[in-house]
J.: 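Here it is: the structure, laid out below.
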Amino acid sequence: MSSGLPVAKVHATPETQPYWDGLAEDRLVLPRCDSCGFVIWYPRPLCPSCHSSGVSWFEASGRGRIYSFTIVRKGQGRWRECSPYVLAYVELDEGPRVLTNVVTDDVDSLAVDDVVTLSVDHRDDADEPALTMRFTPT
């Protein structure tokens, strides 16, 4: 998918590599604590809930609901050309809230609690991989 929004270059670390590998395959892969079951966002090697170092990766559903959002009508810098666009917190079905974009042709039709699904934004024309997790209304 190409939304026309700016896309971030991948800066993977050993702790985040499974997440980026999943996005490259249009999948949302997240870490989960082996001790308490807490689903971790942003990917890291320790559970922020119980501080366990036992963390395993799993494929998440890629579904969620809009928790909060704003419509940006006058973006800055390279985002200026993309306006209007939606900046949102999406609460994933697995629990974490992620800051992301909701991509739609009708920004004014969105509402809190709308169901959204993962839509990975790829840019293959770059020297380095460029991927961004985004969502679209279902």
Side-chain angles (χ1 to χ4, degrees):
M1 176 207 93
S2 179
S3 66
L5 297 172
V7 176
K9 290 184 178 168
V10 174
H11 295 289
T13 65
E15 292 84 17
T16 63
Q17 191 65 55
Y19 166 76
W20 293 111
D21 290 345
L23 275 191
E25 299 172 353
D26 295 316
R27 300 179 305 121
L28 181 57
V29 179
L30 298 174
R32 178 174 30 217
C33 179
D34 297 332
S35 296
C36 72
F38 187 82
V39 178
I40 302 166
W41 181 259
Y42 185 81
R44 63 194 111 194
L46 297 173
C47 176
S49 179
C50 73
H51 309 291
S52 169
S53 61
V55 173
S56 300
W57 291 83
F58 74 102
E59 185 170 351
S61 67
R63 291 185 307 270
R65 293 184 177 273
I66 297 175
Y67 176 78
S68 178
F69 74 99
T70 189
I71 300 169
V72 180
R73 298 192 186 274
K74 293 186 179 185
Q76 298 293 315
R78 62 187 183 147
W79 290 84
R80 179 184 310 262
E81 300 167 13
C82 308
S83 301
Y85 60 89
V86 177
L87 182 62
Y89 273 105
V90 168
E91 186 169 296
L92 302 175
D93 285 356
E94 293 78 13
R97 290 184 189 139
V98 298
L99 184 62
T100 186
N101 298 109
V102 175
V103 179
T104 178
D105 291 333
D106 186 6
V107 296
D108 295 312
S109 70
L110 293 177
V112 167
D113 214 35
D114 280 356
V115 175
V116 292
T117 56
L118 177 70
S119 181
V120 180
D121 211 338
H122 297 263
R123 288 298 192 306
D124 298 324
D125 56 342
D127 294 334
E128 300 175 48
L131 300 165
T132 300
M133 171 180 56
R134 298 216 161 98
F135 288 83
T136 56
T138 55

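Excluded from the calculations below are hydrogen atoms, water molecules and symmetry mates; all remaining heavy atoms, backbone and side chain alike, are included.
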J.: Going by salt bridge (Lys or Arg N to Asp or Glu O under 4.0 Å), name the pairs with one or both residues in residues 54-64, residues two or more places apart or in two chains.
T.: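 Passing the test, one end in residues 54-64: Arg27-Glu59, Arg63-Asp93.
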J.: Give the minimum heavy-atom separation between Arg134 and Asn101, together with the two atoms involved.
T.: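 Minimum heavy-atom separation between Arg134 and Asn101: NE-OD1, 2.8 Å.
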J.: Under 4.5 Å between side-chain heavy atoms, chaining through other members, with only Ile, Leu, Val, Met, Phe, Trp and Tyr counted: pull out the rest of the cluster around Val115, sorted by chain and number.
T.: none
J.: Side chain to side chain contact (heavy atoms under 4.5 Å, CB included) with Phe58: which residues, sequence neighbours excluded?
T.: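 For Phe58, the residues satisfying side chain to side chain contact (heavy atoms under 4.5 Å, CB included) (neighbours in sequence not counted) are Leu30, Arg32, Val39, Ala60, Glu94.
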J.: Go through the steps for Cys36 and Cys47 under the test side chain to side chain contact (heavy atoms under 4.5 Å, CB included), then give the verdict.
T.: CA-CA 9 Å; Cys36 72; Cys47 176; 3.7 Å; yes
J.: Rounded to the nearest 0.5 Å, how far does CH2 of Trp41 lie from CG of Leu92?
T.: 8.0 Å
J.: Name every donor-acceptor pair, under 3.5 Å, that has one atom in a side chain of residues 12-23 and the other anywhere in the protein, sequence neighbours excluded.
T.:
unit_1	atom_1	unit_2	atom_2	d
Thr13	OG1	Glu15	N	3.3
Thr13	OG1	Glu15	OE1	3.2
Thr13	OG1	Thr16	N	3.3
Thr13	OG1	Thr16	OG1	3.2
Thr16	OG1	Thr13	N	2.9
Thr16	OG1	Thr13	O	3.4
Gln17	NE2	Asp21	OD1	2.7

J.: Taking all non-hydrogen atoms of both residues, which atom of Pro43 and which atom of Pro31 are closest, and how far apart?
T.: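 Looking at all heavy atoms of both residues, the closest pair is CA-CG, 3.8 Å.
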J.: Side-chain donor-acceptor pairs under 3.5 Å in residues 102-109, sequence neighbours left out?
T.:
unit_1	atom_1	unit_2	atom_2	d
Thr104	OG1	Asp106	N	3.2
Asp108	OD1	Arg73	NH2	2.6
Ser109	OG	Asp106	O	2.8

J.: Please confirm whether the backbone N or O of Met133 pairs with a side-chain atom of Thr100, one donor and one acceptor, at under 3.5 Å?
T.: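 Answer holds: yes.
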J.: Could you list the residues that satisfy side chain to side chain contact (heavy atoms under 4.5 Å, CB included) with Asp34, not counting sequence neighbours?
T.: Ser56
J.: Under 3.5 Å, sequence neighbours excluded: what are the donor-acceptor pairs made by side chains of residues 79-86?
T.:
unit_1	atom_1	unit_2	atom_2	d
Ser83	OG	Gly75	N	2.8
Ser83	OG	Arg80	O	3.4

J.: Roughly how far apart are His122 NE2 and Glu25 CD, rounded to 0.5 Å?
T.: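 Reported value, rounded in 0.5 Å steps: 9.5 Å.
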J.: Within a strict 4.5 Å, meaning less than it, do heavy atoms of the His51 and Leu46 side chains meet?
T.: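 No - every pair of side-chain heavy atoms lies 4.5 Å or more apart.
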J.: Under the side-chain hydrogen bond (donor to acceptor under 3.5 Å, both in side chains) rule, collect the residues that match up with Ser52, sequence neighbours excluded.
T.: Ser35
J.: Is there a path of hydrophobic side-chain contacts, each under 4.5 Å between heavy atoms of I, L, V, M, F, W or Y residues, that connects Val7 with Leu99?
T.: no
J.: Atom CG in Leu131, atom CZ in Arg123: separation rounded to 0.5 Å?
T.: 10.5 Å
J.: Output the distance between atom OG1 (Thr117) and atom CZ (Phe135), rounded to the nearest 0.5 Å.
T.: 8.0 Å
J.: Identify, with sequence neighbours excluded, every residue that meets salt bridge (Lys or Arg N to Asp or Glu O under 4.0 Å) alongside Arg44.
T.: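 None.
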J.: Using links of under 4.5 Å between side-chain heavy atoms of ILVMFWY residues, direct or through other members, which residues join Ile40 in one cluster?
T.: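 Ile40 shares its hydrophobic cluster with Phe38, Val55.
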J.: Looking only at non-hydrogen atoms, find the nearest pair between Pro137 and Leu110 and report the distance.
T.: CG-CD2, 3.7 Å
